[in-house]
Amino acid sequence: MSDTDRESLFRLAEALIFAATTPVTTRQLTQLLPDGADADAVLAQLRERYATRGVELVEVGGGWQFRTAPDLAPKLRRVVQVPRRLPRVAMETLAIIAYHQPVTRPEIEELRGASLGQGTLDQLLEAGLVAPRGRKETPGRPTLWGTTPAFLSQFGLQQLRDLPRREDLLVEPTLLTPQPDPAPPPAAAEPAPES
Amino acid sequence: MSDTDRESLFRLAEALIFAATTPVTTRQLTQLLPDGADADAVLAQLRERYATRGVELVEVGGGWQFRTAPDLAPKLRRVVQVPRRLPRVAMETLAIIAYHQPVTRPEIEELRGASLGQGTLDQLLEAGLVAPRGRKETPGRPTLWGTTPAFLSQFGLQQLRDLPRREDLLVEPTLLTPQPDPAPPPAAAEPAPES
Amino acid sequence: MLLRLDGFEGPLDLLLELARGQKLDLAKISILSLVDQYLAVIEGARKIRLELAADWLVMAAWLTWLKSRLLLPKGHEAAEEGESAAEILAERLRTLQAMRLAAAWLGARPQLGHDIFVRGLPEDLVDTDRSKLALDIPGLLRAYLAAMTRAGARRQYRPAILSVWTVKDALTRLALLVGNLPDWASLEQFLPETLGTPLQRRAALSSTLLAGLEMARGGAIRLRQEHDFGPILVRRGDTDDLSDERPNV
């Protein structure tokens, strides 16, 4: 393949991912590229090209997306409107839902050892981070809750398995130091988080 | 200025223009860049860097934004078919023509119990669903309307007879419709039968 | 030790805080000392204010029970009961702590929309083609019924015009025509010629038959039928010849 041809693949991939509002899957890219082109290879090289740039190519929630580099956050926050962060209770509830899904509200309250204000669930729903996942077939048929693809996307996860294992959280304090690098978290290759 | 410093200006400009929800003005960029940095120069060089890429930096309406390269846009453009619905009046008119054809416009108006705008008939004509079927030999010789083969294929019908029978639709057809039957009423040639 | 309860979300929250105060790996929590600390805190709180939310007291009562079991010599059946209850409590505390840490882990990650951003001005490269029509039979039928129902409701009531050939019509026509008959003729010849639909023909035929029967009763005409479902024949009734009259009309 000539350099021009290779370059045209990069241009196409670049344009496609740039224009999309949601992460682009390898499949979608394959459909766009000429027959026989290796979408995976194109993506890998494109990611490398953008690695040191202000905008990076990251794999998230099952697809590829351009995102601003994390190290620019403090400066960008000054000029780009940023929504309020979720309060601690909401984050804790979100973590419980992420690790125990599908889970009912009484179960969340049992785990937290405290009742859950309606406002907390509303905040998570409004942010699109959790969604109903049917009902539990027990008396009262309580709603089951789970996380959404937007949850993965917001926290830069490719899949739920990228959450650290419960055991690792308890014994490895280093996990909690902020990671400037969106490299896959240490538990990436581990089995799904325990419920 | 060192290369690293210059590179960091590009990174910031790149990220800001990428993340901004409106085109970024030189002024906005100046605010983000360190004091003394020449925003115009940064933008000019950034545009040059992107000139051969899948995404270009363009100036629109007094600001800068990224846009898909014009030669790639057609390849990325997708056409989504969103079939439209006929307005209610047109649908009713079409139904009446289907069941009572050949039928004149005054007869349609009589059946619907409302006058019929020319626009409605035009819509049906334009969509190729109805067509003139000669003229009725009554004073004024009004045009008779009927459905077309396109009508059948749009509704997935082999023939008009595949439509559900009017009798099966209406509980008391005679109460609802003044005999629009194209056949002359039985008493036409006879001394009027008493009712 | 005096801890304000207001800062805690519930008994479990307080217990977790106390356990963390032991500065031990949560795997090695001393439940017994935890129980003592909790009870001390509750006791202290009750001295300050008498009313405490029920769940604090329920937990205190349960922990008192747990302590009594844990103090029994090992091997005792009730002591084992206490051991397993203590383990369940320790596990609950570990889970809660893990979830706290998970929340912190999530919170420490660069978040989309907060720290990192996607494209703010996405391009719409989707063209919408609205040239096709969305049509289906149910929609057509609904429209037809709506039009008919609305028109029917608006239209002033008037009795439906009868389109059938009535018995009275048939009597008039039969009386008019039968006088000219020299011989037997088929009943169907007396139907009006302008009937359109098969339904109208059948209605007219039965009306004419009824008219014929009525006239035959008065002797004005005679009827005969050669065989079942055969044509019904009619002639004037003023002849004396009754020999070929069949009863099966």
Side-chain angles (χ1 to χ4, degrees), chain A residues 3-22 24-25 27-35 37 39 42-43 45-47 49-58 64-83 180 182, chain B residues 2-35 37 39 42-43 45-58 63-80:
Chain A
D3 279 358
T4 324
D5 286 350
R6 201 192 318 277
E7 210 47 44
S8 84
L9 297 186
F10 286 132
R11 290 185 77 226
L12 266 174
E14 208 169 31
L16 174 68
I17 302 169
F18 230 86
T21 47
T22 50
V24 171
T25 61
R27 239 181 76 117
Q28 287 172 303
L29 181 59
T30 306
Q31 285 171 352
L32 180 72
L33 296 182
D35 285 346
V42 170
L43 285 167
Q45 288 175 55
L46 203 58
R47 171 162 64 180
R49 284 188 176 202
Y50 275 89
T52 58
R53 306 285 295 280
V55 174
E56 300 181 342
L57 184 59
V58 292
W64 294 81
Q65 195 171 37
F66 280 116
R67 294 182 162 194
T68 58
D71 68 298
L72 299 177
K75 288 192 171 153
L76 288 178
R77 268 200 297 262
R78 290 204 324 246
V79 283
V80 180
Q81 279 248 325
V82 171
Chain B
S2 76
D3 279 359
T4 324
D5 287 348
R6 202 193 320 278
E7 210 48 43
S8 85
L9 298 186
F10 288 134
R11 290 184 78 225
L12 267 173
E14 208 167 39
L16 175 65
I17 298 168
F18 173 81
T21 51
T22 50
V24 172
T25 61
T26 315
R27 240 178 74 115
Q28 287 172 308
L29 183 57
T30 308
Q31 284 171 357
L32 183 71
L33 297 183
D35 286 345
V42 170
L43 285 167
Q45 287 176 53
L46 204 57
R47 174 165 59 180
E48 213 160 294
R49 283 190 176 200
Y50 275 90
T52 58
R53 308 286 295 279
V55 177
E56 298 180 351
L57 187 59
V58 293
W64 293 82
Q65 70 179 71
F66 285 116
R67 281 249 182 105
T68 306
D71 65 309
L72 296 182
K75 288 190 185 167
L76 298 180
R77 202 163 279 283
R78 278 185 310 130
V79 177
V80 175

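All heavy atoms count here, side chains included; hydrogens, waters and symmetry mates do not. Letters A, B, ... are given to chains in the order of the sequence lines, protein chains preceding strands, and every chain is numbered from 1.
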What distance do R67(B) atom CZ and L57(B) atom CG have between them, rounded to the nearest 0.5 Å? 11.0 Å

Residues W64(B), V58(B); criterion side-chain contact (heavy atoms from CB on, under 4.5 Å); working and verdict: CA-CA 6 Å; W64(B) 293 82; V58(B) 293; 6.0 Å; no

Can you confirm whether R47(B) is buried at CZ, in the sense that more than 12 heavy atoms of other residues, nucleotides or ligands lie under 6.0 Å from that atom? no

Nearest heavy-atom approach of E56(B) to A69(B) is OE2-CB, 3.9 Å

Is it the side chain or the backbone of R78(A) that comes within 4.5 Å of chain B heavy atoms, both, or neither? side chain

In terms of heavy-atom contacts, V55(A) and Y50(A) come closest through O-CD2, 3.2 Å

Under 4.5 Å, heavy atom to heavy atom, which residues of residues 10-19 of chain B contact chain A? R11(B), L12(B), E14(B), A15(B), L16(B), F18(B), A19(B)

For L9(A) and A37(A), which heavy atoms make the closest approach, and how far apart are they? CD1-CB, 4.1 Å

Side chain from CB out, backbone as N, CA, C, O: work out which of these in V79(A) comes under 4.5 Å of a heavy atom of chain B, or both, or neither. side chain

Using a heavy-atom distance cut-off of less than 4.5 Å, which residues of residues 25-32 of chain B contact chain A? Q31(B), L32(B)

Return the minimal non-hydrogen interatomic distance between L33(A) and A39(A), and the atom names on each side. CD1-CA, 4.0 Å

Is it the side chain or the backbone of T52(B) that comes within 4.5 Å of chain A heavy atoms, both, or neither? backbone

Considering all heavy atoms of both residues, which atom of V24(B) and which atom of A20(B) are nearest to each other, and what is their separation? CG2-CB, 3.4 Å

